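Model, not experiment: these values are computed from the prediction. We name chains A, B, ... by the order of the sequence lines, and we start the count at 1 in each one.
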Amino acid sequence: MTPARRYWLVKSEADCFSWDDLWNAPRRTTFWDGVRNYQARNMLRDQFKKGDLVFFYHSNADPTAIVGVCEVVREGYPDHTAFDPRKQHFDPKSDPDKPTWYMVDLKAKEPFRRPVTLAELRTVPGLERMVLLQKGSRLSVQPVTEKEWQIIYRLGMTAEAPRARGAASKARSR
DNA sequence: GCCAACGTTGGC
DNA sequence: GCCAACGTTGGC
């Protein structure tokens with residue numbers, strides 16, 4: 001029996017590598033390099049499987065939000081950018097014969113119809129335990145449960161964002 | 001720009 | 001093995 005598909009979330013700084021960058025990349029595919037955290041590395045190396053689905057999250061953005069869905073198209077392999085001194089994420093301690101860091105290939109699959117913001121996620125019942133929402137959570141690669149996935153996917157594919165109370169009053173007061 | 005929280009490093 | 005110092009992440 002083939003194992004069940006799993007769900008993930010990856011973060012990217014929007015002004016560094018955005019959803020649009022991925023969408024416009026050749027074959028809408030990129031290698032997800034630069035992860036330099038062991039917990040995240042382990043997931044990329046050992047648990048990401050072809051066909052798994054991945055939320056694409058913009059951090060350091062306005063607003064911070066989940067903006068689309070990607071698919072894993074290549075499973076964990078050594079992150080060669082760690083071997084290149086000219087690369088930003090160069091790590092002299094990673095040995096090509098025994099690589100420290102791993103990456104996967106991700107392909108953009110479907111943009112959300114609207115960004116689902118961090119602020120909104122915090123208000124949604126059923127997401128209380130989501131890794132992204134835990135205090136101090138900074139993992140750039142995270143597991144997402146199937147339940148969480150379904151809730152968030154539905155929000156992303158619903159055109160209208162629920163009107164936040166603050167936003168409504170601000171719009172009126174202009 | 002600020003700062004809380006986190007992970008890593010290195011002295012002991 | 002402890003823990004202080006440091007660098008980084010990332011929301012605000």
Side-chain angles (χ1 to χ4, degrees), chain A residues 7-23 30-48 53-70 72 76 78-104 106 108 111-112 114-145 148-149 151-153 155-156 161-174:
Chain A
Y7 300 94
W8 308 97
L9 177 147
V10 297
K11 297 180 186 173
S12 185
E13 295 190 30
D15 53 9
C16 176
F17 187 81
S18 70
W19 170 265
D20 285 341
D21 292 332
L22 179 55
W23 190 257
T30 190
F31 47 85
W32 202 258
D33 64 311
V35 171
R36 298 291 180 267
N37 169 285
Y38 287 102
Q39 224 182 319
R41 185 280 309 271
N42 292 346
M43 289 186 268
L44 291 179
R45 186 189 59 188
D46 305 331
Q47 299 190 283
F48 273 55
L53 295 179
V54 184
F55 282 142
F56 191 110
Y57 175 84
H58 280 161
S59 63
N60 280 318
D62 188 18
T64 57
I66 300 175
V67 292
V69 175
C70 317
V72 177
D79 181 344
H80 54 74
T81 67
F83 309 139
D84 186 344
R86 293 164 304 177
K87 290 287 202 297
Q88 188 192 350
H89 297 289
F90 172 62
D91 180 0
K93 292 189 298 303
S94 186
D95 176 352
D97 291 328
K98 201 170 177 297
T100 308
W101 305 114
Y102 281 72
M103 59 189 181
V104 297
L106 296 182
F112 273 4
R114 63 178 183 86
V116 178
T117 66
L118 181 64
E120 179 181 352
L121 290 170
R122 291 196 190 283
T123 70
V124 177
L127 300 183
E128 295 82 2
R129 309 187 60 119
M130 192 178 176
V131 177
L132 184 71
L133 304 185
Q134 301 315 302
K135 185 178 164 70
S137 159
R138 335 181 294 188
L139 262 187
S140 64
V141 176
Q142 316 176 351
V144 173
T145 69
E148 291 162 353
W149 181 276
I151 292 170
I152 295 166
Y153 182 79
L155 293 174
R163 171 140 320 214
R165 245 184 276 165
S169 55
K170 201 180 290 177
R172 240 182 288 120
S173 66
R174 283 197 298 129

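In summary, R122(A) and E128(A) do not engage in a salt bridge, as defined by a charged side-chain N under 4.0 Å from a carboxylate O. A salt bridge links R36(A) and D79(A); the closest N-O separation between the charged side-chain nitrogens and carboxylate oxygens is under 4.0 Å.
Residue L133(A) contributes atom CG, which lies 14 Å from atom P of dG10(C) at whole-angstrom precision. If you measure from atom NZ of K135(A) to atom P of dG10(C), you get 16 Å, rounded to the nearest angstrom.
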Might you list the N or O atoms of the protein lying below 3.5 Å from N or O atoms in nucleotides 1-9 of chain C, with each pair's distance?
| residue | atom | partner | partner atom | Å |
| --- | --- | --- | --- | --- |
| dT8(C) | O2 | R138(A) | NH1 | 2.8 |

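Atom CD of Q88(A) has 12 or fewer neighbouring heavy atoms from other residues, nucleotides or ligands inside a 6.0 Å radius. For Q39(A), the CD atom counts as loosely surrounded, since its 6.0 Å shell holds 12 or fewer non-hydrogen atoms of other residues, nucleotides or ligands.
Ring to ring, W149(A) and F55(A) are close: their centroids are under 6.0 angstrom apart.
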